[in-house]
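Notes follow the structure.
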Amino acid sequence: MRFIDAVTTGYEYQGFWGSLGDIIWWFLWAFVFVAYLFALFAVISDLFRDHELSGWWKAVWIIFLIFVPFLTLLVYLIARGNGMAKRGAAEARQVQAAQDAYIKQVATAASPSDEIAKAKALLDAGTISQAEYDAIKTKALS
């Protein structure tokens, strides 16, 4: 039972845990608020991810998100939701490609014996001096 109901009807207020309905109502509104925040941050991040939208339009969307947040959020999701998904997928592909390239680069790093062999070939060809060869060998073995 809500506090207002307790005051107007004469019943004793049971506190927050006094009514299961109050608890369910509170958790429902907490869920709605958290879902709203997730959607809001998704829209804001999509605004700054979109390189085709000019800075002025981004500013207009942000201003409307500040002053009429719920309605602007719904309009943005309806009007630009499809592009939002495409931009998110493109960014995920780009991150995956960068991660794959990094893993490939690290996995194919030359072993110390390969580096020493390459340096020895350069020394034999006269491309590097004995001091440079020794420096490469020391670095490869460390």
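Counting begins at 1 with the first residue of the sequence.
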Checklist line | Working for side-chain contact (heavy atoms from CB on, under 4.5 Å), residues Leu141 and Ile116 | finding: CA-CA 9 Å; Leu141 292 176; Ile116 293 172; 3.8 Å; yes

Next item on the list: Any chance you could measure Lys137, atom NZ, to Glu115, atom CD, to the nearest 0.5 Å?
Entry: 13.5 Å

Next item on the list: Taking the side chain as every heavy atom from C-beta outward, state whether Trp57 and Leu47 have any pair of such atoms under 4.5 Å apart.
Entry: no

Notebook entry, point to check: Between Val95 and Met84, is there a shared hydrophobic cluster once you connect ILVMFWY residues whose side-chain heavy atoms come closer than 4.5 Å?
Noted result: no

Item checked: Check ion pair Arg80-Asp50 (N to O, under 4.0 angstrom) -> yes

Notebook entry, point to check: Does a side-chain heavy-atom distance below 4.5 Å link Val60 with Trp56?
Noted result: no

Next item on the list: Examine distances only and state if a side-chain atom of Ser45 and a backbone atom of Ala42 form a donor-acceptor pair shorter than 3.5 Å.
Entry: yes

Item checked: Leu122 CG to Ser129 OG distance, which is reported to the nearest 0.5 Å -> 11.0 Å

Checklist line | Non-hydrogen side-chain atoms of Trp29 and Val32 separated by less than 4.5 Å | finding: yes

Check: Under 30°, 30 to 60°, or over 60°: which ring-plane class applies to Phe33 and Tyr36, parallel, tilted or perpendicular?
Finding: tilted

Item checked: Shared hydrophobic cluster for Leu37 and Phe64 (ILVMFWY, side-chain gaps under 4.5 Å) -> yes

Checklist line | Glu52, CD: over 12 other non-hydrogen atoms inside 6.0 angstrom | finding: no

Checklist line | CG-CG distance between Leu123 and Asp134, expressed to the nearest 0.5 angstrom | finding: 8.5 Å

Notebook entry, point to check: Above 12 or not: heavy atoms from other molecules or residues under 6.0 Å from OH of Tyr133?
Noted result: yes

Item checked: Value rounded to 0.5 Å, distance of CD in Glu132 from CD in Gln130 -> 10.5 Å

Next item on the list: Under the side-chain contact (heavy atoms from CB on, under 4.5 Å) rule, what do Ile136 and Ile128 come out as? Steps first, then yes or no, please.
Entry: CA-CA 10 Å; Ile136 293 171; Ile128 62 173; 4.1 Å; yes

Check: With the 4.5 Å side-chain cut-off for hydrophobic clustering, are Phe67 and Ile44 part of the same group?
Finding: yes

Check: Quick check: are there more than 12 heavy atoms from other residues, nucleotides or ligands sitting under 6.0 Å from CZ of Phe70?
Finding: no

Next item on the list: Mind checking the CZ-CG spacing from Arg87 to Asn82? Nearest 0.5 Å is all I need.
Entry: 9.0 Å

Checklist line | Spacing of CG belonging to Leu73 relative to CG belonging to Leu65, to within rounding of 0.5 Å | finding: 6.5 Å

Item checked: Joint hydrophobic cluster, Trp25 plus Val34, side-chain heavy atoms closer than 4.5 Å -> no

Next item on the list: Could you pull out the closest heavy-atom pair between Pro112 and Ala140, with the gap in Å?
Entry: CB-O, 3.4 Å

Checklist line | Salt bridge Asp114-Lys118, side-chain N to carboxylate O under 4.0 Å | finding: no

Check: Taking C-beta and beyond as the side chain, do Tyr76 and Asp46 meet within less than 4.5 Å on heavy atoms?
Finding: yes

Check: Linking I/L/V/M/F/W/Y whenever any side-chain heavy atoms sit under 4.5 Å apart, do Phe38 and Val43 land together?
Finding: no

